[in-house]
Visitor: 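Here you go, one structure.
Side chains are part of it too, since the values below use all heavy atoms of this structure and drop only hydrogens, waters and symmetry mates.
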Amino acid sequence: MGEPMEGSRFIEAGLWRDQRFEAQERIMALQFGTVEKRLERIEALMEGLERRLWMTVYGVVAVILTQAIQGIIDYVPKGG
């Protein structure tokens, strides 16, 4: 009677290890999914910041060009 129980224990232990491995795989998949969603959110925020940065750069360039053009217009003698 002792041997069948020992054999079944080994089978149960093997099944337990398989179930544990599958559970770890599911947990890792959930963790990777969460990390992926966070990275996507970070990337979206970075794209928004990049757009704002370029808008600021274009605004500064526009102001500088406007002032330069205004300076040229003021420098040119008015005919007449």
Visitor: Each residue besides Ile72 in its hydrophobic cluster should be listed here, by chain and number; the cluster joins Ile, Leu, Val, Met, Phe, Trp and Tyr at side-chain heavy-atom distances under 4.5 Å.
Guide: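 In the cluster with Ile72 are Val76.
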Visitor: Do any pairs count as a side-chain hydrogen bond (donor to acceptor under 3.5 Å, both in side chains) and have a residue in residues 38-56, sequence neighbours left out, and if so which ones?
Guide: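 Found none.
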Visitor: Hey, what else clusters with Leu45 if you join Ile, Leu, Val, Met, Phe, Trp, Tyr whenever side-chain heavy atoms sit under 4.5 Å?
Guide: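 Leu45 clusters with nothing; isolated.
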Visitor: Only counting residues at least two apart or in another chain, list the ones meeting side-chain hydrogen bond (donor to acceptor under 3.5 Å, both in side chains) with Asp74.
Guide: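 So Asp74 forms a side-chain hydrogen bond (donor to acceptor under 3.5 Å, both in side chains) with Gln70.
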Visitor: Please list every donor-acceptor pair under 3.5 Å in which a side-chain atom of residues 24-35 meets a protein atom from a residue at least two apart or in another chain.
Guide:
unit_1	atom_1	unit_2	atom_2	d
Thr34	OG1	Leu30	O	2.9

Visitor: Any chance you could pull the hydrophobic cluster mates of Val63, using side-chain heavy atoms under 4.5 angstrom and chaining through other members?
Guide: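 None, because no other hydrophobic side chain comes under 4.5 Å of this residue.
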Visitor: Which other residues belong to the hydrophobic cluster containing Leu49, where Ile, Leu, Val, Met, Phe, Trp and Tyr are joined when side-chain heavy atoms lie under 4.5 Å apart, directly or via other members?
Guide: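 Its cluster partners, ordered by chain and number, are none at all.
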